[in-house]
Amino acid sequence: MAEEISKILIVDDQPDNIDTIKDILGDGEYSLFSATNGKEALEIFKKVNPDLVLLDALMMWFARNISLCPGTRVDTDSANGRYDPLIAR
């Protein structure tokens, strides 16, 4: 039985930032998805149910269904469980 590859969703409105993260993580160890706006990110999130979301913290308008504060819960049909933010500068 093959080991499942972790899915990572990268959300940033700067394509260069997405490319940099993909260069760092793109060794085949992860399945990478990306979005440059909130609507696209939510669609991908619901479709692939990623294990990790790397979100540009300055994209606060993305928070239509996702609250960007401690104790975050994702209110989507595909989400299972609790998602806590990890914010870095």
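Throughout, residue positions are numbered sequentially from 1 according to the sequence presented.
- When side chains are defined from C-beta on, D13 counts as touching D56, because their heavy atoms get closer than 4.5 Å.
- Between L32 and L25 there is a side-chain heavy-atom pair separated by less than 4.5 Å.
- The shortest heavy-atom contact between S34 and I18 is CB-CG2, 3.6 Å.
- Residues V11 and V53 form a side-chain contact, since some pair of their non-hydrogen atoms from C-beta on lies under 4.5 Å apart.
- Take E43 and apply the side-chain contact (heavy atoms from CB on, under 4.5 Å) test, not counting sequence neighbours, and it matches K39.
- Counting only heavy atoms from C-beta outward, the side chains of L54 and I8 approach each other to under 4.5 Å.
- For S31, the side-chain contact (heavy atoms from CB on, under 4.5 Å) partners at least two apart in sequence or on another chain are I5, K7, F33.
- For the residue pair A35 and L9, the shortest heavy atom distance occurs at N-CD1, 4.4 Å.
- For D19, the side-chain contact (heavy atoms from CB on, under 4.5 Å) partners are D16, not counting sequence neighbours.
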